[in-house]
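These notes are about the structure you will find just below.
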There are 2 protein chains.
Amino acid sequence: MENIQFKKGVLELCVLVLVGQQDLYGYELVNNISKYIEISEGTIYPLLRRLTKEGYFTTYLAESHEGPPRKYYRLTEGGQRYRDDLMREWDVFVGRVNSVIFQGGRHEQG
Amino acid sequence: MENIQFKKGVLELCVLVLVGQQDLYGYELVNNISKYIEISEGTIYPLLRRLTKEGYFTTYLAESHEGPPRKYYRLTEGGQRYRDDLMREWDVFVGRVNSVIFQGGRHEQG
DNA sequence: ACCAGCTACCTTGCAATGAAAGGTACTGTT
DNA sequence: AACAGTACCTTTCATTGCAAGGTAGCTGGT
């Protein structure tokens, strides 16, 4: 998978979903997501900052036995709503793209 | 559908697929795709230029009864290969994103 | 004490791409 | 002539992912 462009906007959704399941810190998130989708720290940290700034996450620090303190991210209520909206949009979007590429945009629809 | 970012890279695939089915001109393409995905001329024309420059399309002009001449785009062999590669990548990508957001990145996998 | 390697955080500068806004030009109708 | 519709094109901007680099703490080996 070399196509960077596919990822645009989708990483945001992945991050929102994973943090929604349990509080996570950035480094953990990178390792978690990158099992599936190639991703680097330089992508995740700015994304986490932005989503926090936009009110979708709160953060807190916790000590670690194996290194510097970890900054955990927790999904807010607004974040949950945003996540749910994005999931619906993702679903609709994939459906529409598949309409275009599998039926050639010639399929009858509303 | 307000999320612009989802579209990044995917429009390229849509354009390749549609032109692969039959020669199309830009204006027609905009109207065709925008039934499914919001899109504007300012997006399509630069994209068509780029894909032509990269050797995926050839072009020819044809007169029109109802306005200025139309510039038709035709998919090259290289374009067909690229289209097929992109389709496979899109499929894989969607599968992986769904793994992350539906199984929380905890599903066993190669 | 020193160093390597890992964990964990962060930033700057860059490239790609979609969109808004604007421009050109032809045809047909009024 | 004026206008609407078709059809092309460009410039400028915002967003976002990445490479590269920087800071700092902990662990284990020498």
Side-chain angles (χ1 to χ4, degrees), chain A residues 1-16 23-34 36-54 56-57 59-73 86 89 93 96-97, chain B residues 1-16 23-34 36-54 56-57 59-73 86 89-90 93 96-97 100:
Chain A
M1 178 66 53
E2 294 158 35
N3 199 309
I4 309 172
Q5 299 304 321
F6 285 162
K7 300 181 197 170
K8 301 255 173 169
V10 176
L11 292 176
E12 187 172 311
L13 173 57
C14 291
V15 166
L16 285 161
D23 296 0
L24 291 173
Y25 57 98
Y27 193 78
E28 197 178 8
L29 207 42
V30 172
N31 293 331
N32 212 330
I33 294 183
S34 60
Y36 297 84
I37 303 167
E38 218 182 298
I39 197 180
S40 69
E41 296 184 21
T43 300
I44 284 293
Y45 287 115
L47 178 56
L48 288 170
R49 281 184 82 74
R50 179 167 64 80
L51 292 172
T52 303
K53 190 178 147 205
E54 290 170 351
Y56 300 135
F57 291 144
T59 66
Y60 57 91
L61 286 174
E63 285 175 33
S64 162
H65 302 282
E66 322 167 16
R70 297 163 174 169
K71 188 188 233 174
Y72 281 87
Y73 292 82
L86 269 188
E89 283 189 23
F93 179 72
R96 291 187 178 207
V97 170
Chain B
M1 178 66 53
E2 292 158 35
N3 198 308
I4 308 172
Q5 300 305 323
F6 285 163
K7 299 181 200 171
K8 302 247 173 173
V10 177
L11 290 177
E12 188 173 310
L13 172 57
C14 291
V15 167
L16 285 161
D23 297 0
L24 291 173
Y25 56 99
Y27 194 78
E28 197 177 8
L29 207 42
V30 172
N31 292 331
N32 211 330
I33 295 183
S34 61
Y36 297 84
I37 303 168
E38 217 182 299
I39 199 182
S40 70
E41 296 183 22
T43 301
I44 284 293
Y45 287 115
L47 178 55
L48 287 170
R49 281 184 81 74
R50 180 167 61 80
L51 292 173
T52 303
K53 190 178 146 204
E54 289 169 351
Y56 300 134
F57 292 145
T59 66
Y60 58 91
L61 286 174
E63 285 176 34
S64 161
H65 302 283
E66 320 166 17
R70 297 163 173 169
K71 189 188 235 175
Y72 280 87
Y73 292 82
L86 270 188
E89 282 190 24
W90 168 247
F93 179 73
R96 292 188 176 205
V97 170
V100 174

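Since this is a predicted model, take the numbers as computed values, not measurements. Heavy atoms only: backbone and side chains are in, while hydrogens, waters and symmetry mates are out. In what follows, chains carry the letters A, B, and so on, assigned in the order in which the sequence lines appear, proteins first and then strands, with residues in each chain numbered from 1.
Between A/Lys53 atom NZ and D/dT15 atom C1' there is a gap of 13 Å when expressed in whole angstrom units. Regarding A/Arg70, its CZ atom lies at a distance of 12 Å from the C1' atom of C/dC6, rounded to whole Å. Rounded to whole Å, atom P of C/dT7 lies 9 Å from atom OH of A/Tyr25. For A/Lys71 and C/dT7, the NZ to C1' distance is 16 Å, given to the nearest whole Å. Atom P of nucleotide C/dT17 and atom CZ of B/Phe6 are separated by 18 Å, given to the nearest angstrom. B/Phe57 has its CZ atom 13 Å from the P atom of D/dC8, to the nearest Å. The CD1 atom of B/Ile44 sits 11 Å away from the P atom of D/dC8 (whole-angstrom rounding). Here D/dT16 presents its C1' atom at 15 Å from CD1 of A/Ile33, a figure rounded to the nearest Å.
Between the CD atom in A/Glu41 and the OH atom in A/Tyr27 there is a gap of 6.0 Å [rounded to 0.5 Å]. One distance of note links CD1 of B/Ile44 with CD1 of B/Ile39; it measures 3.5 Å at 0.5 Å rounding. B/Lys7 NZ to A/Arg96 CZ: the interatomic distance, rounded to the nearest 0.5 Å, is 10.0 Å.
Within the 4.0 Å cut-off from OP1 or OP2 of D/dC8, not a single side-chain nitrogen or oxygen of B/Tyr27 is found. Residue A/Tyr45 places at least one side-chain N or O under 4.0 Å from the OP1 or OP2 atom of C/dC9. An OP1 or OP2 oxygen of C/dT11 is reached within less than 4.0 angstrom by a side-chain nitrogen or oxygen of A/Arg49.
Closest non-hydrogen pair, B/Thr52 versus B/Leu48, comes out as OG1-O, 2.7 Å. Residues A/Gln5 and B/Gly9 share a closest heavy-atom pair of CB-CA, 3.5 Å.
Taking the six-membered ring where tryptophan is involved, the planes of A/Phe93 and B/Trp90 are perpendicular, since the angle between them exceeds 60° and thus also 30°.
Legend: residues meeting salt bridge (Lys or Arg N to Asp or Glu O under 4.0 Å) with B/Glu12, ordered by chain and number and at least two apart, are B/Arg50.
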I'd like to compare against my own output: the B/S/- annotation of nucleotides 17-30 of chain D with a strict under-4.0 Å heavy-atom distance to protein. SBBB----BSS---
